[in-house]
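Every chain is numbered from 1 and lettered A, B, ... according to where its sequence line falls, protein lines coming before strand lines. Please read these numbers as outputs of a predicted model, since none were measured by experiment.
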Amino acid sequence: MYRTHNCGELRINKLGTEVTLSGWVQKVRKLGGMTFIDLRDRYGITQLVFNDETDAALSEKAQKTGREFVVKINGTVTERSNKNPEIPTGDIEIIVKKMEVLSKSEIPPFTIEENTDGGEEIRLKYRYLDLRRPVVQKGIILRHKMAQEIRNFLSNKEFLEIETPFLIKSTPEGARDFVVPSRMSDGKFYALPQSPQVFKQLLMIGGYDKYFQLTKCFRDEDFRADRQPEFTQIDCEMSFVEREDILTTFEEMTKHLFNKVMNVDFPNAFPRIEYDKAMENYGSDKPDIRFEMKIHDISKLSQNKGFKVFDDAEYVGAICAEGLATYSRKQTDKLIDFVKRPQIGAKGLVYVKYNEDGTFKSSVDKFYSPEDLKTWAEALSAKPGDLILVMSGEKSKTLTALGELRLEMGERLNLRDKNKFAPLWIIDFPLFEKDEETGQFHAMHHPFTSPKPGEFNLLETNPEAVKANAYDLVINGNEIGGGSIRIHNTEMQEKMFEHLGFTKEGAEEQFGFLMKAFKYGAPPHGGIAFGLDRWVALFNGSDSIRDVMAFPKNNAGRDLMIDAPAEIDEQQLTDLHLKIVK
RNA sequence: GGUCCGGUAGUUCAGUUUGGUUAGAAUACAUGCCUGUCACGCAUGGGGUCGCGAGUUCAAGUCUCGUCCGGACCGCCA
């Protein structure tokens with residue numbers, strides 16, 4: 001037998017018990033005639049003691065074990081004379097009688113402790129060692145708990161977990177597909193799903209009116225801290241539902257998860273904000289509403305006073321950063337640099353300091369009287385001591401830039417507390433967005449999204465104004481999930497493809513099977529999908545989804561541990577009818 | 001496709017601004033001392049193609065160009 005207990009469970013009430021433990025040697029402390037070993041497994045750390053006077057040979061053996069050796073010991077649970085209040089097992093230690101080395105270890109490339117000395121790259125390369133660290137385990141365990149709770153909740157609501165295929169067909173809309181060459185069909189390819197979208201709709205037509213799946217999705221685009229080539233979605237779909245049914249069901253699921261996993265309760269309904277309002281007030285379609293600092297339109301108050309920059313602008317907007325009127329010239333210059341960074345791309349920034357004594361000091365004093373500035377302050381509900389930040393230009397771009405600035409100021413004012421959660425729904429997204437270069441319409445959500453009821457007619461006259469029956473769940477500025485009520489009849493779907501620039505033949509070739517299915521009694525349906533990785537990362541307080549994936553890839557989509565992607569041999573290429581062109 | 005930052009001991013970094021003696025620190029590792037440590041302590045020691053290639057120069061970790069690798073971001077991600 002390898003163990004009677006794990007390394008995290010022994011307490012003072014087990015004094016005198018003979019135990020067997022197995023685990024990894026985290027640390028050996030030699031104090032002359034006495035040696036301590038910290039033995040670790042995923043449940044905790046237990047201290048082992050060896051004494052020269054009791055058993056010199058065993059003590060010698062203990063001193064020779066290195067970090068990360070796997071050992072099995074037999075011994076007696078004893079009260080420590082010097083207790084360690086830092087760890088749960090700190091009141092006891094094991095006086096070892098027998099030790100067996102089960103597996104030796106080379107010297108690990110970084111320290112495997114709560115605070116490692118290893119950098120990102122080396123920890124990815126030796127991911128199996130990083131996985132031994134409690135902080136990493138915490139994320140992996142949290143992920144398991146969330147997945148369990150999701151399954152419990154949905155299963156109790158009579159949702160069925162149904163798998164859909166990974167080897168499917170490439171479609172032109174959306175992200176780039178990962179592609180798999182076919183050996184059996186010369187020159188043909190499978191594609192890995194970007195999401196099970198079409199299959200879950202076909203399941204609705206197949207009569208499985210409540211479906212879900214925790215499944216991998218694949219998108220061959222460039223990656224970020226919160227984007228990996230393969231990621232996990234909580235994919236859900238329901239039949240005979242309207243938007244309200246979906247929002248109610250999944251708001252309940254969200255609350256269930258918060259309650260069971262984070263012990264956080266939301267007695268009230270989540271706020272619902274229309275897309276247009278979100279853009280106007282927060283400059284983002286995924287606003288962080290842990291703090292207010294709304295954007296205000298001060299175009300009317302600031303134009304026609306002789307300041308050309310504002311007069312020529314389509315829009316002038318401002319935010320109010322509380323208590324920052326004391327910012328120095330150097331600090332305001334830093335903010336100007338911040339908005340001028342190419343990622344934000346603003347031309348500049350005007351600041352107004354509303355001083356404690358009620359006076360104003362701004363970078364545009366030449367053009368605006370204190371009375372003018374006072375009207376701005378009133379519009380923003382600014383108090384003496386606050387700093388007003390103003391940007392102008394083309395409306396949507398300025399709003400986006402102000403949104404970025406708002407987040408930055410929220411960060412500086414410590415308003416983005418990781419222990420605080422602010423979920424909300426964004427609703428009424430536009431159905432289409434226009435490609436700036438080609439003028440072509442794209443589906444903002446996806447091409448199966450239904451327009452809002454009552455807006456079907458607008459489709460012909462003013463497609464850009466049509467709102468989609470789509471919704472996103474946003475928590476703390478992260479898009480956690482999104483979905484829509486789908487189109488469920490052939491005519492509407494054909495019209496949609498037409499607007500998206502598909503020819504009749506093209507649509508038939510790509511999605512003919514779906515259009516055909518619609519002809520055999522398709523129930524009204526809709527659904528939602530959540531990004532499990534992002535959600536776990538959010539609950540875990542991680543900035544990167546890599547922290548909550550057992551084996552993540554780097555930002556170039558490479559797996560540094562197994563060194564993938566890799567070349568394949570000539571025979572494989574031949575079998576797949578492929579030739580490498582350099 | 002683009003912008004920015006980085007690559008020096010097993011690891012994390014300093015040194016590069018202003019080219020110039022034997023490239024440092026911490027930690028890890030090894031050895032010795034140490035009987036209550038838990039970031040143990042003390043002493044000694046080993047450990048470097050300064051990512052790679054080319055160039056400038058009497059001389060390159062340091063300057064230039066190219067290239068590879070890693071990270072953050074923009075585009076992209078229905």
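Partners of E394(A) by salt bridge (charged side-chain N to carboxylate O under 4.0 Å, His left out), not counting sequence neighbours: none found.
Between N555(A) atom CG and G6(B) atom P there is a gap of 17 Å when expressed in whole angstrom units. Counting to the nearest Å, the P atom of U31(B) and the NZ atom of K64(A) are 8 Å from each other. Rounded to an integer number of Å, the gap from L124(A) CG to C69(B) C1' is 13 Å. Look at CD1 on I92(A): it is 18 Å from P on C38(B), rounded to the nearest Å. Rounded to a whole Å, the CG atom of D226(A) is 15 Å from the P atom of G71(B).
Comparing the P positions of U16(B) and U57(B) gives a spacing of 25 Å, expressed to the nearest Å. Separation of the P atoms belonging to U3(B) and G66(B) is 11 Å when rounded to the nearest angstrom.
Closest to the side chain of N51(A), from the set G75(B), C38(B), U35(B), is U35(B).
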Polar atoms only, N or O, under 3.5 Å: list the protein pairs with nucleotides 26-30 of chain B and their distances.
from   : atom 1 : to     : atom 2 : distance (Å)
A28(B) : O3'    : R67(A) : NH1    : 3.0
A28(B) : O2'    : R67(A) : NH1    : 3.1

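Judged by distance alone, with hydrogens and angles left aside, R224(A) brings a side-chain donor or acceptor within reach of the base of G75(B), the pair sitting under 3.5 Å.
Using a 4.0 Å heavy-atom cutoff across all strands shown, E114(A) reaches no nucleic acid atom at all. P447(A) comes within 4.0 angstrom of a base, heavy atoms only.
Note: H488(A) and H525(A) have perpendicular aromatic rings, judged against thresholds of 30 and 60 degrees for the angle between ring planes. Ring geometry for F530(A) against F250(A) counts as tilted: the plane angle lies between 30° and 60°, on a 0 to 90° scale.
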(request) Mind running side chain to side chain contact (heavy atoms under 4.5 Å, CB included) on F513(A) and L202(A) for me, showing each step along the way? (result) CA-CA 9 Å; F513(A) 59 97; L202(A) 292 167; 4.0 Å; yes
